[in-house]
There are 2 protein chains.
Amino acid sequence: MKKTVVRQSLKDQVKSILIDRMIDGDLAPGDRIKELQVAKELGTSQAPVREAIRCLETLGYVEHIPHVGAMVKTFNKSEIEEAYQVREALELHSTALIGELWDELVEELDEQLALMKAATKENNARKFTQADNQFHRAIVASCENDTMLSMWESLKMQVQVIATLVKASMPLDKIYLLHPPIVDAFRSKSRERASLLLKGHYKILSGYWANLK
Amino acid sequence: MKKTVVRQSLKDQVKSILIDRMIDGDLAPGDRIKELQVAKELGTSQAPVREAIRCLETLGYVEHIPHVGAMVKTFNKSEIEEAYQVREALELHSTALIGELWDELVEELDEQLALMKAATKENNARKFTQADNQFHRAIVASCENDTMLSMWESLKMQVQVIATLVKASMPLDKIYLLHPPIVDAFRSKSRERASLLLKGHYKILSGYWANLK
DNA sequence: CCGGTAATAATTATCGATAATCGAAAAAAG
DNA sequence: CTTTTTTCGATTATCGATAATTATTACCGG
């Protein structure tokens, strides 16, 4: 029984809080992040806030101009498209690399599929998006390459943007229907079929962001 | 004619210096990065050093333990293999995405191929590795996806490690020979052939790091 | 009223001091 | 002599003050 006390530095706490705010929409794209204001709100000094912002900047979630400050990154259409292309590359290659985890993957995919189905019935885009992300994450995780997975995860802000913008008009039922065949392909351990279906999924998705402003 | 004075913050300078040291080998994997020592050496205070370290940590080049400090990341065999798999994923997908830049790509590939050939004759592994990196970078750059390119580039430390470890025993002539067919495939605008040859290239490379340690 | 300049306010960037924590060394106990 | 506990030194983490920079506001002249 090792230590049970969990210690978290102020900078890490600030970082997490800021990321949560971005994901929740409390910090919107383009919003300024004022160091002293954040420090005051969170009851800390400027330095840990600056350090947290350095992390966010390096992750690409924040744009920083020297002596002007940091703003929540506004991803334009092209950047979002780029992120989805990278995501696709990682998922397809993960499909090519899967070693032993087919059954575990299928189990997870089934689980998320059920959550997506339920979200479709409730017309709950937020829940749908969450399950959809877990679905895709499971594919990348199944190739047991942590570098691949953490890279895939670092794109979460771009993915969040499209989820927010397209939320109102997203045809959940149609997107849902793209997924069961993918699960079946993984169930059959058919890399080629799974790849083909994933490509098709992404092609249809790219139709949605093509309609973005 | 806009401003010609280039201003660079201390934290950015510290970051660049530390990265250069890592690439040059002056900072080796496992080395401690002591904040006050670096600050003293570089004539600054602790804060910009800490900020620079936060960036390096987020990039994955440095491992940080709270209250213990930062060390240059030591990539183990598995992590290097992972990085090369991600690199392969990005290059293959870039090959699938190339739009208009075939001729520019081929021109750049020819150029780097010539540098690689010269480096082989001189048995200069450092020059060879540099040209080899530029070769692969050009492929990723040709799909005009900045997100893809910056992710590919963020793997440079892992690539640097293998270049250093394998340097003495790397059969430059054999690795060189993998490249001209790739260039020809791109010259013919054959995505499938280029992909196949790139896969082959990576398969042979994976033989080298399998022999590590 | 408009444009240019100067002053000011807000915020960022860095400094240097102090507090907190870990690991190493020294001391104590068995 | 070995193990455990305590102390100390080195280093990290944060604080709060000061310096530096940009954007905004105010003022003046044409």
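So you know, we letter chains A, B, ... as the sequences are listed, proteins then strands, and number each from 1.
- Residues from residues 64-76 of chain B with heavy atoms under 4.0 angstrom of DNA chain C, sorted by number: B:H67, B:V68.
- In this structure, B:F75 has no ring pair (Phe, Tyr, Trp, His ring centres under 6.0 Å) partners at least two apart in sequence or on a different chain.
- In the helix from C:dC1-D:dG30 to C:dG30-D:dC1, the rotation axis of the first five pairs and that of the last five pairs differ in direction by 10°, rounded to 10 degrees.
- Judged as a side-chain hydrogen bond (donor to acceptor under 3.5 Å, both in side chains), and not counting sequence neighbours, the contacts of A:H64 are A:R54.
- Taking a 4.0 Å limit (strictly below) on heavy-atom distances, residues 31-50 of chain B reaches DNA chain D at B:R32, B:I33, B:K34, B:E35, B:L36, B:Q46, B:R50.
- Residues satisfying the side-chain hydrogen bond (donor to acceptor under 3.5 Å, both in side chains) criterion with B:R21, sequence neighbours excluded, are B:E41.
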For residues 67-74 of chain B, which side-chain donor-acceptor pairs fall under 3.5 Å, sequence neighbours excluded?
residue: B:K73; atom: NZ; partner: B:E79; partner atom: OE2; Å: 2.7
residue: B:T74; atom: OG1; partner: B:G30; partner atom: N; Å: 3.3

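- Each side chain to side chain donor-acceptor pair (under 3.5 Å) pair with one or both residues in residues 149-159 of chain B, not counting sequence neighbours, appears once here: B:E91-B:W152, B:R137-B:E153.
- Residues satisfying the side-chain hydrogen bond (donor to acceptor under 3.5 Å, both in side chains) criterion with A:D26, sequence neighbours excluded, are absent altogether.
- Going from atom CD of B:Q13 over to atom P of C:dA13 covers 14 Å, rounded to whole Å.
- In terms of the ring pair (Phe, Tyr, Trp, His ring centres under 6.0 Å) criterion, A:H93 has no residue partners (sequence neighbours excluded).
- Each salt bridge (Lys or Arg N to Asp or Glu O under 4.0 Å) pair with one or both residues in residues 92-112 of chain B, not counting sequence neighbours, appears once here: B:D110-B:R187.
- In terms of the side-chain hydrogen bond (donor to acceptor under 3.5 Å, both in side chains) criterion, residue partners of B:T147 (sequence neighbours excluded) are, by chain and number, A:E82.
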